[in-house]
Protein chains: 2
Amino acid sequence: METPAAAALPKYYVLKEQILTLIEDAVPGTLIPTERALAEQYGTSRTTVRQAIGELVSEGRLDRTQGRGTFVAPPKVTHVRQLTSFTDDAASQGMTASARILDISEVPADTVTAKRLAVEPGAGVHRVERIRLVNGEPLAHETAFLAGELPDLAGNVEVRGSLYSALREDYGIRISEVEDTVETKLAGPEEVRLLDVEMGAPMLLVHRLGFDPEGRPVEWTESVFRGDRFRFVARMHV
Amino acid sequence: METPAAAALPKYYVLKEQILTLIEDAVPGTLIPTERALAEQYGTSRTTVRQAIGELVSEGRLDRTQGRGTFVAPPKVTHVRQLTSFTDDAASQGMTASARILDISEVPADTVTAKRLAVEPGAGVHRVERIRLVNGEPLAHETAFLAGELPDLAGNVEVRGSLYSALREDYGIRISEVEDTVETKLAGPEEVRLLDVEMGAPMLLVHRLGFDPEGRPVEWTESVFRGDRFRFVARMHV
DNA sequence: CGGGACGATTGGTATAAACCAATTTCTCCT
DNA sequence: AGGAGAAATTGGTTTATACCAATCGTCCCG
């Protein structure tokens, strides 16, 4: 006595949709029932509840913290490339953007970086590693590599408060064309530590290669954005 | 007797890295040991092995099929927006691109579509739903909505073999500017059915709004790309 | 020789049960 | 009151087990 083509859906997925209807009208920050309570309430095991909640966390609909509970998550941040700055984007959405500098130093170029920046492997390049924050919450981990002579880069970035401002004002470097690649990636220990996400959460891995007006590559940046908090926008002429 | 700050990493993550070293030099299509064999070999449970393999599948490093086994996956496809066509991209990487049309029809605009295309809700818009394939494998599910009078759209798309060709050649519609948004999404039953991915696999959700030279929105498209097979590239002037 | 039935193998879903780790709450002592 | 410490609560990880479902190979029969 089987249902012809009705069921087929895994139990955890049905539960996921039920939880979605529970939270779709809730304000961000609302606490939802515990995993043990949901398991009993829906007549299933905690394992199944965790599988359902896990996907909702990955999708950015729920946040959870060990010892505290599981909460309704805030909506995604949208970032419009090139038309506005990161800071302006956030401001237009009623949020405040900032950055925390982890490291500014000069290092020998590895093979990948050397190829991108068209320098010799092992040549000195500048490295700028930052955490980008919105409303005080970490949103992205960004590591930029820059070719050329940039004396006292750390000091100038400090003063200007922005890498691009320093490049333009202090060194006369203008980036006139960029090539971005976007792909998915799962969070590893580094992202867990720096961005406060869960192991295995989906991330947006963005690589940017920036060229000066003469077409020379001057900037090579790898960024890892939280997939549950971020939306990437590009507007361009065809 | 605890190790001070050494361990800390979950066992499934350590196992994941070990499996990675096993497959990093293997040719795509190579069969790896069964879950039960790996569990015994590494002295762990099948649950833990599945958690490790699951992330590698999500990252596009492994493919698995019930009843067959788990295999090393092929590398990602890269798509450069606007500079070249989808077909040319694939060709330049030694692959062949194609599309399967699921539906071409005229439907009343829902509220979201109406807003994007600047028409009245319920007004008739054209709907084109396709599956994009590379090397015969489904890569993306794409649904486009178009405003305006487009008599016999289905027939013309059939003849031209491309939606954009038909718009340009048969209706004189040119898209001169586009706005793309990219975010992550997890695969649901529809993606599982149409794109041959696993439930919960990370996807790239892309929305495109296309404008004509007068700045009027003429195309609104939602695309879901396989995150394990696809890389999105945008090149633009600043 | 073809084909269908069956069984073995492999991944997919679900349960129950521990125990660990972070956080909050309670309690009791000063 | 205030604070330290214990207890309870909640999510995080792992194991063991069972059964379902898709695939593939084998064997036997017509």
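Throughout, a chain's letter reflects where its sequence line sits, starting with A, and its residues are numbered from 1.
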For residues 197-207 of chain B, please give each side-chain donor-acceptor pair under 3.5 Å, one per line with the distance, not counting sequence neighbours.
| residue | atom | partner | partner atom | Å |
| --- | --- | --- | --- | --- |
| B:E198 | OE1 | B:R64 | NE | 3.3 |
| B:E198 | OE1 | B:R64 | NH2 | 3.0 |
| B:E198 | OE2 | B:R64 | NE | 2.7 |
| B:H207 | NE2 | B:E222 | OE1 | 3.0 |

Show me the donor-acceptor pairs, under 3.5 Å and distance only, between side chains in residues 16-24 of chain B and residues at least two apart or in other chains.
| residue | atom | partner | partner atom | Å |
| --- | --- | --- | --- | --- |
| B:K16 | NZ | B:E55 | OE1 | 2.8 |
| B:K16 | NZ | B:E59 | OE2 | 3.1 |
| B:T21 | OG1 | B:Q18 | O | 2.7 |

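Applying a 4.0 Å cut-off to non-hydrogen atoms, the residues of residues 44-54 of chain A that approach DNA chain D are A:R46, A:R50, listed by residue number. For residues 16-26 of chain A, proximity to DNA chain C is found at no residue, defined as any non-hydrogen atom under 4.0 angstrom from a strand atom. DNA chain C lies under 4.0 Å from at least one heavy atom of each of the following residues of residues 63-71 of chain A: A:Q66, A:G67, A:R68.
Under a 4.0 Å N-O distance rule, the pair A:D228/B:K185 does not qualify as a salt bridge. In this structure, A:R229 pairs ionically with A:D63, as a charged nitrogen and a carboxylate oxygen lie closer than 4.0 Å. A salt bridge between A:E191 and A:R193 is absent, with no side-chain N of the basic residue lying under 4.0 Å from a carboxylate O of the acidic one.
Ring geometry for A:H79 versus A:F230: interplanar angle of 30 to 60°, hence tilted.
Running 5' to 3' along DNA chain C, contacts with non-hydrogen atoms of chain B at under 4.0 Å begin and end at C:dT10 to C:dT13.
Between A:R160 and A:S165, the side chains place no donor N or O within less than 3.5 Å of an acceptor N or O (distance only, hydrogens not considered). For the residue pair A:T221 / A:E219, a side-chain donor-acceptor distance below 3.5 Å is found, with atom types taken as modelled.
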